[in-house]
Amino acid sequence: MCGIVGYAGYRQAAPILIEGLSKLEYRGYDSAGICVHTQDAFHVAKSKGRLQILSDKTDGGNAVQGVVGIGHTRWATHGAPSDINSHPHLSESGKIAIVHNGIIENESRLREELEAKGITFRSETDTEVVATMIGIQYDQSGDLVDAVRQTIARLEGSYALGILCVDDPDRIVAVKKNSPLIFGFGEGENYIASDVPAILKHTQTVAYLNDGEMVVFDSQNVSFFDADGNPIEKAKETITWSISAAERGGYDHFMLKEIFEQPKALRDTIGPRLKDGKVYLDGIDLSEEYLKSLNKITFVACGSAYYAAGVAKYIIEKYCRITTEIMMASEFRYCDPVLDEKSLVIAISQSGETADTLEAVREAKRRGARTLGIINVVGSAIAKAADQTIYTCAGPEIAVATTKGFTTQLAVVYLLTMHMAKTLGKVDDTTYAAWVTALEKLPDQAAELLTEARVEEVKNYAKRLTKHNNAFYIGRNLDGATCLEGSLKLKEVAYIHSECYPAGELKHGPLSLIEEGYMVVALATIRELFDKTIANVREVRARGADVLCVTLEELADEAAKQAQSVIAVPSTDPMIQPSLNIIPLQLLGYYIAVNRGCDVDKPRNLAKSVTVE
Ligand code: G6P
């Protein structure tokens with residue numbers, strides 16, 4: 001996690017760094033800092049807490065003079081959030097300053113080695129160890145680039161580093177491995193950043209660094225090097241998002257904005273892939289022969305992406321008849337998975353940088369499986385690592401809790417299922433045509449769920465449910481899979497203890513917990529299973545639970561006989577129904593969090609991109 005940004009140009013660096021960091025706060029927000037070349041010295045300003053504290057301390061950066069600098073927003077890994085542990089960190093000599101995103105896995109060995117040589121560290125961070133190592137090498141050779149190379153050769157783990165040297169006031173050196181880093185080309189000014197939003201205001205022309213690559217730049221010149229130190233050319237890529245896509249634009253929170261962006265995100269993801277009543281997955285090679293040769297599909301993912309995979313399992317098995325398993329990427333890596341060339345491993349990830357998912361893809365490849373990514377961020381590590389990638393087209397997602405990222409993942413899962421079912425001849429023309437029609441209508445139906453009256457209805461229920469400190473989400477089959485994501489939303493942003501169970505499993509333990517003061521959200525949108533789920537509603541209601549039932553419009557009256565409150569959603573094809581069902585659940589989590597005064601976009605202890613194990 002953590003966000004880094006660097007600037008070398010002709011304007012004052014500090015305000016640009018702080019503004020850039022404000023766009024990276026989703027990556028970590030427990031402390032922030034900057035280091036700027038000021039005459040012959042470094043000006044370092046850093047503080048524990050939100051970026052605003054640093055901004056206030058430096059008058060938005062205006063109190064810091066200098067045109068070259070680096071900045072950092074932190075998500076603590078080594079050492080608690082504190083002023084001392086905040087980046088940038090200096091070498092012992094004070095000549096080197098660095099910002100770091102990632103984790104140095106052999107940090108304690110390196111630290112002990114240096115301590116044995118008499119070095120005393122000020123902080124508990126792995127980053128200070130790296131700064132110190134670069135400093136020692138630099139003192140010996142007087143060559144910054146060489147000092148960085150010598151140092152990274154000894155590092156294990158992940159890093160994106162931005163490095164300044166006090167003797168070299170114009171230049172910034174940056175290097176990366178397993179953590180994202182982009183270079184931004186400007187006119188008489190250049191940038192580095194962890195992610196596009198940090199520099200989008202200044203440039204839309206970027207280069208994505210690959211693992212092991214280094215960039216050395218000042219305001220006018222830039223040189224790229226490969227892992228062996230050979231000069232390389234990097235392709236310039238143009239970012240097509242608008243600046244407004246990365247800003248809040250009138251909404252109270254990014255999460256709410258992103259919930260409302262779902263109709264567009266769905267349109268962008270689905271539209272180009274449906275032509276003349278057929279699914280086209282351009283550039284994706286899943287031939288009939290290949291699909292027939294498969295003995296299973298394994299999904300790997302984390303968090304909400306894992307829950308999108310849960311939906312995929314139900315529908316791929318039902319409609320394609322291919323055995324499909326889902327695994328949390330963090331478990332997959334260490335469970336000695338049974339895979340071979342007859343296995344297809346599909347990684348779902350919004351960011352494309354989740355460390356466990358990335359490693360799962362690499363592990364799958366090592367074992368001979370073919371890999372496919374369902375990814376939102378173009379050029380991200382997982383997109384590059386996977387053999388093939390289908391992009392979701394959600395645009396930048398900033399709120400830590402994903403919303404449009406999740407629904408666009410579901411959209412790609414439907415497209416993939418439709419494509420495979422058709423290729424394998426497992427679906428008749430009428431059903432296939434119904435799927436296509438349903439997908440075409442999905443963005444408008446999502447928009448219907450976001451009309452003022454519907455949102456107001458959820459807001460009102462949220463008011464009543466805010467008082468509860470415990471929640472259960474229940475549902476069967478695809479409803480159960482969707483509930484997992486609904487429950488996660490509540491847990492993540494509203495800090496309410498929330499569990500999710502397949503409704504039929506309630507009696508096997510969890511029912512003993514239900515009493516007055518519990519809220520239960522029951523999702524009952526599958527006609528064949530409606531009576532069964534409603535029976536479970538009756539059971540929890542009888543034990544004092546406050547029940548909100550989400551069901552289809554035509555089943556709402558029936559549901560209202562048992563649940564205290566009912567939200568009715570429009571119906572679509574059963575395969576696609578999860579995409580509509582999740583929207584009120586997202587809104588519910590959001591409004592309960594707002595009512596409880598939670599920091600919705602930056603929930604405590606979490607970060608959006610989890611680039612550490
Ligand atoms: C974090 C985010 C979640 C996300 C998960 C996986 O935990 O807070 O919203 O679902 O990471 O992220 P990915 O980028 O791989 O989808």
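Counting starts at 1 for both ligands and their atoms, following the listed order.
- Nearest protein neighbour of atom 12 (O) of ligand 1, counting heavy atoms only, is Thr354 OG1, 3.4 Å.
- Between Lys404 and Glu397, none of the side-chain N atoms (NZ, or NE/NH1/NH2) sits under 4.0 Å from a carboxylate O, so this pair counts as no salt bridge.
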Would Thr525 and Asp479 satisfy side chain to side chain donor-acceptor pair (under 3.5 Å), going step by step from the backbone distance to the final call?
CA-CA 7 Å; Thr525 69; Asp479 282 343; 2.6 Å; yes
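- The ligand atoms of ligand 1 that sit less than 4.0 angstrom from a heavy atom of Val400 are 2 (C), 8 (O), 9 (O).
- Numbered from 1 in the order shown, with element, the atoms of ligand 1 that lie under 4.0 Å from a heavy atom of Ala607 read 1 (C), 2 (C), 8 (O).
- The residue from Ile152, Leu181, Val130 that alone fulfils the side chain to side chain contact (heavy atoms under 4.5 Å, CB included) condition with Tyr159 is Ile152.
- Distances below 4.0 Å separate heavy atoms of Glu492 from the following atoms of ligand 1: 8 (O), 9 (O).
- Numbered from 1 in the order shown, with element, the atoms of ligand 1 that lie under 4.0 Å from a heavy atom of Ser304 read 10 (O).
- The closest approach between any non-hydrogen atom of Leu606 and ligand 1 is not below 4.0 Å.
- Using a 4.0 Å cut-off between heavy atoms, Ala301 makes no contact with ligand 1 at all.
- Looking at atom 1 (C) of ligand 1, its nearest protein heavy atom turns out to be Lys608 O, 3.4 Å.
- Heavy-atom contacts from other residues, nucleotides or ligands closer than 6.0 Å to NZ of Lys459 number 12 or fewer.
- Salt-bridge annotation for Arg50 and Asp599: present, with a side-chain N of the basic residue lying under 4.0 Å from a carboxylate O of the acidic one.
- Close approach of ligand 1 to Cys302 (heavy-atom distance below 4.0 Å) involves ligand atoms 5 (C), 6 (C), 10 (O).
- Counting protein heavy atoms only, atom 7 (O) of ligand 1 is closest to Val610 CG2, 4.0 Å.
- For ligand 1, one of its N or O atoms has an N or O atom of Ser349 under 3.5 Å away.
- A donor-acceptor pair is defined here as one N or O able to donate and one able to accept, closer than 3.5 Å; such a pair exists between the side chain of Ser158 and the backbone of Ile103.
- Interatomic distance, CD of Glu353 versus CD1 of Ile382, reported as 8.5 Å (0.5 Å rounding).
- With respect to Asp211 and Lys176, a salt bridge is recorded, a charged nitrogen being found less than 4.0 Å from a carboxylate O.
- Ligand 1 places these atoms under 4.0 Å from at least one heavy atom of Ser351: 13 (P), 14 (O), 15 (O).
- Using a 4.0 angstrom heavy-atom cutoff, Glu353 does not count as in contact with ligand 1.
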